[in-house]
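Report on the following structure.
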Amino acid sequence: METQIAKLIDGKALAEKIQQELSATITELQPQIGRPPGLAVLMVGDNPASAAYVRGKERACAKVGIASFGKHFPTETTQTELEEVIAALNQDERVDGILVQLPLPDHLDAVTLLHQIDPDKDVDGLHPINLGRLVRGEPGLRSCTPFGVMRLLQEYEISLEGKQAVVVGRSILVGKPMALMLLEANATITIAHKSSHSLENIIKNADILITAVGRPGLITAEMVKPGAVVVDVGISRVTDANGNNRLVGDVDFDSVKRVAEFLTPVPGGVGPMTVTMLLQNTVTSYSQRSKI
Ligand SMILES: Nc1nc(=O)c2c([nH]1)NC[C@@H]1CN(c3ccc(C(=O)N[C@@H](CCC(=O)O)C(=O)O)cc3)C=[N+]21
């Protein structure tokens, strides 16, 4: 077979474009609503990766004109303290979105906290009400990462109708909502995971392959159907031969780019879209809460 070089799906560029649109929307709505949109990102402890993500989110908020009400709590913060903070943010009219940065330290119960967020402010789309709406195919706030993947596929006019889509990974943050969104777009879906038997045979059938495992090199060229669309949601930090730290996905990029038709890079693919859909959800909540 002829060597084929995949078209790169540029998440950074699309994120930039959507952020400009959001900025314009905010400029238009703000005089009518009388305040900017507000987002509260809650982070507990000192996980350096989480701290970097939170900084990225706050920087993006500032860029488009969303006010940040974020708080950084020490590791010892109790469940009750956080529940009180969420209750106060639920009541705070200036706050349109609340996000609890995951993972939380072990002594905290993330599920209980997520359940306490007002579903109308649940910009992460992780509250059971919003997940239930997704299952039912009703409008609602959608989880940022899979929502961003759908937006990328739409931008590149990748049709999903009747296609075989395989999602590797079944997390509540990515895999499960991803599969439901693909189903909603009339793809035929398979959800696989780390313990799936003959994973390579399952993957080989995929017209659309979405991988969200966090294992570098999991997907190699031999596993991928020629002409497939490959979306890499995995993000791992590795040290290369020169001792440099870098980010890699689940996909062996250099080999898969020779068989796939479309491929997302890491970094610069899905990651920037995750942050952008968080901003999008916050602006959606802002206009809905203000009934404009
Ligand atoms: N409640 C909650 N919601 C989340 O959405 C959530 C979370 N917790 N915990 C952690 C994961 C991870 N996540 C990313 C966001 C942005 C990039 C991103 O912007 N990545 C850039 C690179 C950034 C860099 O250079 O470090 C890229 O891929 O190009 C990646 C990953 C959101 N998460």
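Whatever order the structure lists ligands and atoms in, that order sets their numbers, starting from 1. From a predicted model like this one, the values you see are computed outputs, not experimental measurements.
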Mark up the atoms of ligand 1 that fall under 4.0 Å of a heavy atom belonging to [X], in ascending order.
X    : value
R237 : 26 (O)
L247 : 22 (C), 24 (C), 25 (O), 26 (O)
P272 : 19 (O), 27 (C), 28 (O), 29 (O)
V100 : 1 (N), 2 (C)
I235 : 28 (O), 30 (C), 31 (C)

Mind checking whether [X] contacts ligand 1 via backbone (N, CA, C, O), side chain (CB onward), both or neither, at a 4.0 Å heavy-atom cut-off?
X    : answer
L278 : neither
M277 : neither
V275 : side chain
L102 : both
K57  : side chain

- Item | Protein heavy-atom partner closest to atom 12 (C) of ligand 1 - residue, atom, separation in Å | Y53 CE1, 3.6 Å
- Query: Considering only protein heavy atoms, which is closest to atom 20 (N) of ligand 1, and at what distance to one decimal place?
  - Reply: G271 CA, 3.7 Å
Answer yes or no: is there an ion pair linking [X] with [Y], defined by an N-O contact shorter than 4.0 Å?
X    : Y    : value
K225 : D207 : yes
E93  : R289 : yes
R136 : E184 : no
K12  : D10  : no

- Message: I'd like to check the side chain to side chain contact (heavy atoms under 4.5 Å, CB included) partners of L180; sequence neighbours left out, ordered by chain and number.
- Response: L134, V135
Within the structure, does [X] bring an N/O atom to less than 3.5 angstrom of an N/O atom in ligand 1?
X    : result
Q101 : yes
G268 : yes
L99  : no
D124 : yes

- Item | All pairs passing salt bridge (charged side-chain N to carboxylate O under 4.0 Å, His left out) where residues 17-33 contributes a residue, at least two apart | K17-E155
- Message: Tell me whether the count of non-hydrogen atoms from other residues, nucleotides or ligands lying under 6.0 Å of CZ in R59 goes above 12.
- Response: no
- Message: Does atom CG (D240) have a neighbourhood of more than 12 heavy atoms from anything else shown, all under 6.0 Å?
- Response: yes
- Item | ligand 1 contact by G56, heavy-atom criterion under 4.0 angstrom | no
- Query: Do we see a donor-acceptor contact under 3.5 Å between the side chains of D250 and T211?
  - Reply: yes
- Steps toward side-chain contact (heavy atoms from CB on, under 4.5 Å) verdict (V224, V230): CA-CA 8 Å; V224 173; V230 179; 3.9 Å; yes
- Item | OG1 on T77 to CG on L108, rounded to 0.5 Å | 7.5 Å
